[in-house]
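A short worksheet on the structure shown next.
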Amino acid sequence: MSLDLPTPDAFPAFPYSPPYDIQVDLMRHLYTSIEQRKVTIIESPTGTGKTLSLLCASLTWLADERSRARKGKLAALAGAEDVEGPDWVAVQTRKRIQREYEAKEHEYNERLAKARQKEMELKKRMKTRVVKKIRLDDDRAKPAVEEENDDIFLPDNEEPDEDDNLSPAVKALMAKYAKGTAPSIAEEEELTCTKIYYASRTHSQLMQVVPELQRLKLSVLPQESCSSNPPTLGKRGAADISEDDVPVAYTRTVSLGSRRQLCVNEDLRRKKKDLDEACRELLDQKGDNRCQYLPTLDDEDRILDFRDQILAVPKDIEELATAGSMSNICPYFGSRRAIPQAELVTLPYNLLLQKSAREALGIDLTDQVVIIDEAHNLIPTLLSLSTHKVSFQVLATSYHQVCAYVSKFRNRLAPDNILHLKRLVAFLDALKKYLLTWKEADARKMQKVEIMSVAELVGRLGTKAASINLLDVSKYMKKSKIARKIASYSDKESDKQTAGPSKPNLTRRGAIPPLNTVEDFLLSLTSASDDGRVSLSLVGPTQDVEIKYQLLNPSPSFLEVVDVARSVVLAGGTMSPISDVVNQLFATVPTSRVTSFSCGHIIPSSNLLGLTISKGPTGTDLEYKSDKQSEKPVINELGQIVSNFINVVPSGMIVFFPSYKFLNTAKDVWKSSGQIEKFGKKKAVFFEPEEATAVESVMQEYAAAVCGQHDGVKGAVLFAVIGAKLSEGLNFADDLARAVVIVGLPFANLGSPELRERMKYVKRLEQKGELKRLPGQKDAAAELYENMCMNAVNQSIGRAIRHKGDWAALVLLDRRYSSSAIKNKLPKRPNVRQAMKEMGSFYRNKKASV
């Protein structure tokens with residue numbers, strides 16, 4: 001029997017029958033890619049059921065893989081028995097082993113069923129207000145008097161840890177054995193359960209995964225008997241999960257999030273401090289002073305019961321927080337305990353892409369499936385996660401705190417600790433002195449920014465600092481948690497000072513320790529010299545020095561994921577040009593392992609009108625370059641064009657500008673000329689707010705104006721910014737966007753030192769032959785610059801057309817959209833034409849068809 005899984009021709013778990021051909025093609029491609037351990041890039045436009053297709057194909061493969069693994073395990077167990085005698089004895093032995101294995105599976109399924117029942121009872125009790133919140137007694141509610149015990153400030157690594165290289169899961173298992181407790185079937189499964197890690201950029205995007213998951217028609221194995229046949233994929237009895245019934249199908253799912261999303265300690269949340277650091281401080285407390293929502297080690301059963309509750313029914317991040325609140329257990333740490341047994345793990349980019357975050361969560365990606373949705377954001381995210389900056393104030397504070405700490409604990413620290421701390425002090429001192437020298441140099445009068453390689457920076461710090469192994473120092477800081485220890489000691493000393501005469505307080509409890517910021521920066525300096533650059537600049541009104549490490553190469557940290565995972569899937573609505581993604585992320589991956597899939601839209605061509613407008617009403621060329629964005633004649637002509645669209649477009653209309661600066665300039669000119677008042681006579685007018693907190697209210701008002709009436713007019717126009725809050729992740733379906741207008745091209749500022757360094761970097765790679773130029777392409781730097789622009793444009797374009805029956809017009813205002821280079825980087829859509837008069841007939845025809 002072949003061990004390879006054949007790619008299915010059909011996917012019965014898909015909830016809609018029949019699926020579109022492009023959905024079947026996508027699912028078959030994904031199934032094959034996972035089975036063959038490929039890295040694949042999938043481009044599927046918004047509205048094509050991308051998320052549903054990704055889940056269906058990957059979970060179908062997981063069900064087949066689980067069956068294959070079960071058969072292999074049973075065969076291995078039977079072989080290990082070394083049965084002698086007649087054939088019937090061997091057959092009976094295999095059946096006995098299978099029954100034992102199935103009994104353990106049945107026991108585990110029963111435990112999850114009880115957890116589901118318990119959760120439903122909790123929900124009913126919540127409705128009748130029977131559940132009691134944890135109440136603190138009077139003594140606990142009062143702030144505890146801190147004892148003079150400086151031992152808590154000592155490093156965590158006074159004794160060498162021989163098991164430091166072991167994973168958290170293995171350490172936990174060893175601890176169980178040390179206590180004399182045998183591992184249960186669930187814990188045995190923790191070591192072997194194959195998973196799908198589904199990542200996206202934001203929690204709001206991940207919120208869409210669980211509803212899509214619940215649409216799948218997955219069937220579970222019967223509770224009373226688990227055969228060795230593959231789990232079937234058929235119709236499920238209930239589409240939704242309610243409090244009164246038990247679902248017939250589920251996938252063990254856990255949603256991972258930050259403390260900000262999951263913390264249920266309201267007292268802690270109300271305090272004005274960094275929630276992560278405040279939580280860590282609370283964890284360090286003893287007895288009644290620790291967080292009441294985190295069970296102690298002696299109360300392990302509570303956290304394990306909550307783990308089962310998490311896995312029993314799929315929950316998004318909000319439902320997980322609610323479950324924790326109902327059970328009076330921390331969902332942040334509860335979700336971490338659920339990871340080993342989960343089959344599907346949803347998590348934001350940063351938790352997947354940062355090695356430190358994976359280690360903290362105990363995530364091991366070896367031979368697992370990784371799906372990254374909305375992957376057009378992947379490269380910018382990788383670059384930003386490894387870019388760190390430190391102000392001179394933070395550097396100076398860190399230096400003084402370390403010096404004070406060493407002075408206090410010199411006689412109590414082990415020699416190894418003293419050695420590392422002295423090296424840290426020496427490096428911080430050299431860096432601090434250099435920043436002061438750099439600021440005071442005559443060149444600063446003309447040059448406010450200087451960029452150099454890591455090697456150049458270290459060379460300027462002097463021979464003593466250059467001889468320090470920063471990798472060793474960084475490892476020590478991470479292992480010993482010295483940054484937090486020093487911050488806690490500094491807070492204590494600061495509290496003593498403020499108890500007397502008033503003195504400036506450089507730190508505050510619950511804030512991110514200054515040395516943590518420095519630690520991240522020092523670790524970045526250990527990267528390959530050519531992969532990043534260090535910039536020094538004068539910032540703010542006081543012209544303080546800021547030093548920043550900027551990552552130029554997004555590949556190394558991501559290859560840590562690619563090299564160990566079974567399969568990596570990058571999916572997005574607009575991934576073109578795919579060659580750019582391959583060049584930046586997979587240049588060193590064998591070409592035989594990298595595949596791609598791209599499909600067109602599911603809508604008929606008659607549902608989308610594409611227009612490029614190259615000339616304005618006066619016959620002048622439309623070209624909204626940065627030097628023309630402040631010219632009143634250009635802005636007034638743009639206002640006339642928008643006014644013409646408002647007269648024709650029904651319901652809602654979105655107009656995207658390349659920057660807030662251009663939008664605000666146009667807004668001011670139109671206000672003074674009365675143009676906005678003219679807009680308002682036909683449609684309600686809204687502008688994207690620059691404050692994130694105001695976005696939701698603006699969107700609600702816009703939707704209400706589109707669907708009803710606002711100040712006596714029907715319909716609305718929303719002016720937004722490409723690459724800002726409204727250009728991604730929001731759904732402008734149907735009447736919310738019957739037209740999307742793109743004004744100009746959002747090219748980045750070429751004056752940015754960071755951008756110039758990235759362009760120089762890819763140019764160097766091209767010259768070394770590490771990047772290949774395809775026929776008709778510009779040089780690597782120009783391609784990078786153009787691709788950054790078009791990626792942002794394509795995301796804005798994707799706000800409209802959200803399903804098969806949707807329809808809209810797409811209008812590109814700028815003559816540069818007519819060039820072949822730009823056209824080739826637009827999404828695969830119906831031909832873009834240059835006929836303004838076609839707009840009216842398009843809407844008349846659509847109105848008639850409705």
**Partners meeting ring pair (Phe, Tyr, Trp, His ring centres under 6.0 Å) with Tyr761 (sequence neighbours left out)** = none
**Asked** Residues two or more places apart in sequence or in another chain: which of them pass salt bridge (Lys or Arg N to Asp or Glu O under 4.0 Å) with Lys760?
**Response** Glu757
**Request:** Not counting sequence neighbours, which residues clear side chain to side chain donor-acceptor pair (under 3.5 Å) with Arg758? List them please.
**Result:** Gln584
**Complete:** With sequence neighbours left out, the residues meeting side-chain contact (heavy atoms from CB on, under 4.5 Å) with Ser626 are none
**Prompt:** So, is the end of the Lys667 side chain (NZ or CZ) under 6.0 Å from the ring centre of Phe719 and within 45° of the ring's axis?
**Reply:** no
**Fill in**
Those residues at least two apart in sequence (or on a different chain) that pass side-chain contact (heavy atoms from CB on, under 4.5 Å) with Ser630 are none
**Prompt:** Does Asp735 have any salt bridge (Lys or Arg N to Asp or Glu O under 4.0 Å) partners at least two apart in sequence or in another chain, and if so, which?
**Reply:** Arg738
**Message:** Tell me every residue that passes salt bridge (Lys or Arg N to Asp or Glu O under 4.0 Å) with Asp520, counting only those two or more places apart in sequence or in another chain.
**Reply:** none
**Message:** The criterion is salt bridge (Lys or Arg N to Asp or Glu O under 4.0 Å); which residues satisfy it with Lys682, sequence neighbours excluded?
**Reply:** none
**Item:** Test side chain to side chain donor-acceptor pair (under 3.5 Å) applied to Ser752 - qualifying residues, sequence neighbours left out
**Value:** Glu754
**Message:** Can you list everything that forms a side-chain contact (heavy atoms from CB on, under 4.5 Å) with Asp544? Sequence neighbours excluded, please.
**Reply:** Lys439, Thr542
**Message:** For Lys615, give me all partners under side chain to side chain donor-acceptor pair (under 3.5 Å), at least two apart in sequence or on another chain.
**Reply:** Asp621
**Request:** Please name all residues satisfying side-chain contact (heavy atoms from CB on, under 4.5 Å) with Lys678, sequence neighbours left out, ordered by chain then number.
**Result:** Gln675
